[in-house]
Participant: 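Have a look at this one before I ask anything.
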There are 2 protein chains.
Amino acid sequence: MATPANENDPRVKRTRQLLLQAFISLLEERHTIHSISVQEITERATVNRATFYAHFEDKYALLEVWMREKFHHVLESQFSTTSTLQRSTLHLLILAVFDFLALWQYHLKPADRQFVPFFEVALQQELQEVLLNWLKQVPLSVPVCQETGETTALVISWAIFGPAVQWSRGDQTITKDVMAHHVLAIVIAGLSPVVTVT
Amino acid sequence: MATPANENDPRVKRTRQLLLQAFISLLEERHTIHSISVQEITERATVNRATFYAHFEDKYALLEVWMREKFHHVLESQFSTTSTLQRSTLHLLILAVFDFLALWQYHLKPADRQFVPFFEVALQQELQEVLLNWLKQVPLSVPVCQETGETTALVISWAIFGPAVQWSRGDQTITKDVMAHHVLAIVIAGLSPVVTVT
DNA sequence: ACAACACTGTTATCTAATCAACACTTTCGT
DNA sequence: ACGAAAGTGTTGATTAGATAACAGTGTTGT
């Protein structure tokens with residue numbers, strides 16, 4: 001990481017785009033991040049290797065950005081600003097998180113697992129934002145300050161995200177739907193102090 | 001054209017590629033070059049407008065490069081180095097030229113026609129090269145110096161190219177195949193002083 | 001065990017791409 | 001017919017990307 005970059009320069013946008021595309025296309029061929037080198041990424045992106053390090057710490061930082069964007073896109077498309085805090089939407093949201101984690105989990109070899117906690121943070125943040133937006137739109141049963149809302153979103157996001165991570169890592173003997181159902185019940189209960197979900 | 005560019009710099013290659021791709025994709029939508037502006041090309045290519053002029057005189061220069069590359073590709077793929085100077089390959093070559101000219105002709109509005117002669121030169125040069133390579137490989141019936149070979153290729157290339165241009169511009173009352181047949185006969189006759197085509 | 005090899009991160013130097021601004025020309029609506 | 005809008009082609013100053021070279025860290029094989 002020599003020089004951080006001006007986010008608005010068209011060259012910067014294009015370079016990041018090229019690196020992301022190259023990474024994704026390699027991921028589709030290889031299936032595991034472990035077997036992909038920075039050299040390969042930059043070669044395919046027609047970008048100099050040094051330029052890579054001007055944008056990303058390493059390939060895992062690139063992965064994080066990609067996952068964050070992908071996750072953001074999933075949440076945005078399925079839970080657009082029009083959807084509100086309801087039992088049904090919450091259920092769908094939980095399932096979406098489970099699905100997403102299950103999907104990319106198989107790209108990681110055991111050797112990569114050490115990095116996993118790092119980008120999980122990014123996903124949790126995205127999830128928290130969605131929940132916070134929902135909380136803001138809903139008429140709360142009790143008046144709460146901004147801090148309470150944010151804390152609620154934080155806790156609930158982890159209540160969904162944590163189980164999803166563990167489930168995706170585990171043997172998945174309990175089915176996704178059963179897990180999601182459990183989580184949903186607890187989340188709704190957890191929300192009861194500030195809002196009644198119907 | 002402010003600064004000519006270093007042909008080997010990866011940035012240069014990529015920029016040219018991006019401009020070409022943008023141009024082609026616009027051409028597929030619009031069908032006429034006349035309705036495409038330099039601005040649009042650069043926007044779609046995510047390249048600055050000033051950068052365009054560092055590479056090309058105007059959009060017609062870009063068109064010329066594109067046509068040259070495309071034509072080169074057609075000739076290379078259909079008449080690889082393995083093919084030799086024979087009646088059948090000559091026939092195919094002539095048809096390929098006719099087809100190529102017919103194809104892109106409809107991209108041009110009357111207003112663009114003034115530029116046509118300009119890039120026809122580029123195509124003729126490509127054609128001449130193919131012919132020259134063939135002449136070099138074939139055992140000539142009479143010993144000829146290098147200059148004679150080049151002149152022969154030059155004349156023959158025009159003998160093919162000129163009729164193809166006129167035919168593609170005209171009403172095409174005579175079919176492509178009939179025209180090609182006439183041209184073939186004359187070309188073979190024209191080659192007879194240096195080589196007998198079977 | 002060690003040598004050959006491939007990959008990683010980092011640096012200084014150089015160059016291509018961006019930007020904003022300029023004076024035109026062309027096109028278009030009313 | 002005329003003013004607005006959009007496109008052209010050019011310039012100088014600024015910034016991101018390319019390059020080559022570096023030391024260091026695994027892999028690989030023999």
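First the proteins, then the strands, lettered A, B, ... as listed; each starts at 1. In this text the structure is predicted, and so the values were computed from the model without any measurement.
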Participant: What nucleotide, of D:dA16, C:dG9, D:dT8, holds the atom closest to the side chain of B:Gln39?
Facilitator: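 The answer is D:dT8, which lies nearest to the side chain.
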
Participant: When you look for runs of 3 or more Watson-Crick or G-U pairs in a row, both distances below 3.5 Å, which of them include DNA chain C?
Facilitator: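 So the stems come out as C:1-21 with D:10-30, C:23-28 with D:3-8.
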
Participant: Salt bridge or not between A:Arg16 and A:Glu69? Use side-chain N to carboxylate O under 4.0 Å.
Facilitator: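 Salt bridge between A:Arg16 and A:Glu69, a charged N being under 4.0 Å from a carboxylate O: no.
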
Participant: What is the separation between atom NZ on A:Lys13 and atom C1' on C:dC19, rounded to the nearest whole Å?
Facilitator: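 Rounded to the whole Å, the gap is 14 Å.
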
Participant: Toward the 5' end of DNA chain D, which comes first, B:Glu40 or A:Thr15, by nearest nucleotide?
Facilitator: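 First, find each residue's nearest nucleotide; the 5'-ward one identifies B:Glu40.
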
Participant: Please say whether more than 12 non-hydrogen atoms of neighbouring residues, nucleotides or ligands are located less than 6.0 Å from CD in A:Gln166.
Facilitator: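 No, the 6.0 Å shell around CD holds no more than 12 heavy atoms from other groups.
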
Participant: When you get a sec, tell me which of D:dG17, C:dT8, C:dT18 is the closest nucleotide to the side chain of A:Asp9?
Facilitator: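 Nearest to the side chain of A:Asp9 among the choices is C:dT18.
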
Participant: Whole Å only: how far is the OH atom of B:Tyr53 from the C1' atom of C:dC22?
Facilitator: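 Those two atoms, OH and C1', are 14 Å apart.
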
Participant: Considering only side-chain heavy atoms of A:Val38, which listed nucleotide, D:dG9, C:dT8, D:dG17, is closest?
Facilitator: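 Nearest to the side chain of A:Val38 among the choices is C:dT8.
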
Participant: Charged N to carboxylate O under 4.0 angstrom, A:Glu64 versus A:Arg68?
Facilitator: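 Salt bridge flag = yes for A:Arg68 with A:Glu64.
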
Participant: Considering residues at least two apart in sequence or located in another chain, which fulfil the ring pair (Phe, Tyr, Trp, His ring centres under 6.0 Å) criterion with A:Phe23?
Facilitator: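 In terms of ring pair (Phe, Tyr, Trp, His ring centres under 6.0 Å), with neighbours along the sequence ignored, A:Phe23 is linked to no residue.
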
Participant: Give me the residues of residues 42-51 of chain B where at least one heavy atom lies under 4.0 Å from an atom of DNA chain D, by number, or none.
Facilitator: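 B:Arg49, B:Ala50, in order of number.
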
